[in-house]
*Asks:* 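Pasting in a structure now, in structure tokens, and then I'll have a few things to ask.
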Amino acid sequence: MSGSSGRGVAGVTMGDRLKRFQARYEPMITRTLLLGIFGTGLLAQFVEPVGDAMAGKTFLGGALLSLVGYVLYDTLKDLAASLRLAPRAQVKSQELGSS
């Protein structure tokens, strides 16, 4: 009776599950947010009622800045993925002297 309800894998903590959830959905959420900002900025720049409702003047600059952020985020994610080292197999010390 370790406090688990029988659902899930033994030995997997809530922190591990949250890390997997974040690793899975963080890129999608970030990209969607940046593209949403880009689209809203362009819409506000060229559709006057939307721009009036948002009451600002720098929509195109903000839209382009969010697009640059999107491209940089995507590039850094790809770079981080390519720089990860492959996991190495661990050898126990008892296995080293057995010949």
Side-chain angles (χ1 to χ4, degrees):
M1 308 298 167
S2 64
S4 67
S5 62
R7 301 179 308 177
V9 180
V12 177
T13 64
M14 183 61 125
D16 293 335
R17 293 174 69 192
L18 287 173
K19 284 180 187 177
R20 279 189 297 141
F21 181 80
Q22 180 184 4
R24 179 181 293 167
Y25 293 112
E26 184 233 347
M28 179 181 58
I29 291 170
T30 303
R31 289 177 177 141
T32 303
L33 180 67
L34 287 171
L35 286 175
I37 293 169
F38 174 70
T40 304
L42 282 182
L43 188 67
Q45 180 70 32
F46 297 113
V47 178
E48 197 167 321
V50 176
D52 292 343
M54 293 178 69
K57 304 278 188 240
T58 59
F59 301 119
L60 191 58
L64 292 176
L65 187 61
S66 68
L67 185 63
V68 169
Y70 175 83
V71 170
L72 287 175
Y73 176 80
D74 193 41
T75 304
L76 287 176
K77 278 300 223 185
D78 292 342
L79 181 63
S82 69
L83 291 178
R84 286 197 184 105
L85 298 175
R88 298 185 312 184
Q90 296 288 326
V91 178
K92 296 180 181 177
S93 60
Q94 296 94 359
E95 296 172 359
L96 292 175
S98 61
S99 44

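Numbers here are sequence positions counted from 1.
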*Asks:* Going only through I, L, V, M, F, W and Y residues with side-chain contacts under 4.5 Å, is there a path from Leu67 to Leu42?
*Replies:*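 Leu67 clusters together with Leu42.
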*Asks:* Quick one: does Val12's side chain get under 4.5 Å of Arg20's, heavy atoms only?
*Replies:*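 SC-SC contact between Val12 and Arg20 confirmed.
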*Asks:* So how far is it from Leu79 CG to Asp74 CG, rounded to the nearest 0.5 Å?
*Replies:* 11.5 Å
*Asks:* Are Leu33 and Tyr73 co-members of a hydrophobic cluster defined by side-chain heavy atoms under 4.5 Å apart?
*Replies:* no
*Asks:* Do Phe46 and Phe38 share a hydrophobic cluster, counting only Ile, Leu, Val, Met, Phe, Trp and Tyr and linking them when any side-chain heavy atoms are less than 4.5 Å apart?
*Replies:*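 Yes, Phe46 connects to Phe38 through the hydrophobic network.
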*Asks:* Using a cut-off of 6.0 Å, state whether more than 12 heavy atoms not belonging to Lys77 lie near its atom NZ.
*Replies:* yes
*Asks:* Supply the atom-to-atom distance Leu65 CG to Leu72 CG, rounded to the nearest 0.5 angstrom.
*Replies:* 9.5 Å
*Asks:* Going by atom types alone, do Thr75 and Asp78 pair a side-chain donor with an acceptor below 3.5 Å?
*Replies:*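 No pair is found: no donor N or O on one side chain lies under 3.5 Å from an acceptor on the other.
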*Asks:* Is there a path of hydrophobic side-chain contacts, each under 4.5 Å between heavy atoms, that joins Ile29 and Phe21?
*Replies:*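 Hydrophobic grouping puts Ile29 with Phe21.
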*Asks:* For the atom pair NZ (Lys19) and CE (Met14), what is the distance rounded to the nearest 0.5 Å?
*Replies:* 13.5 Å
*Asks:* Taking all atoms of both residues into account, what is the closest heavy-atom pair of Ile37 and Ser66, and its distance?
*Replies:*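 So the two residues come closest at CG2-CB, 3.5 Å.
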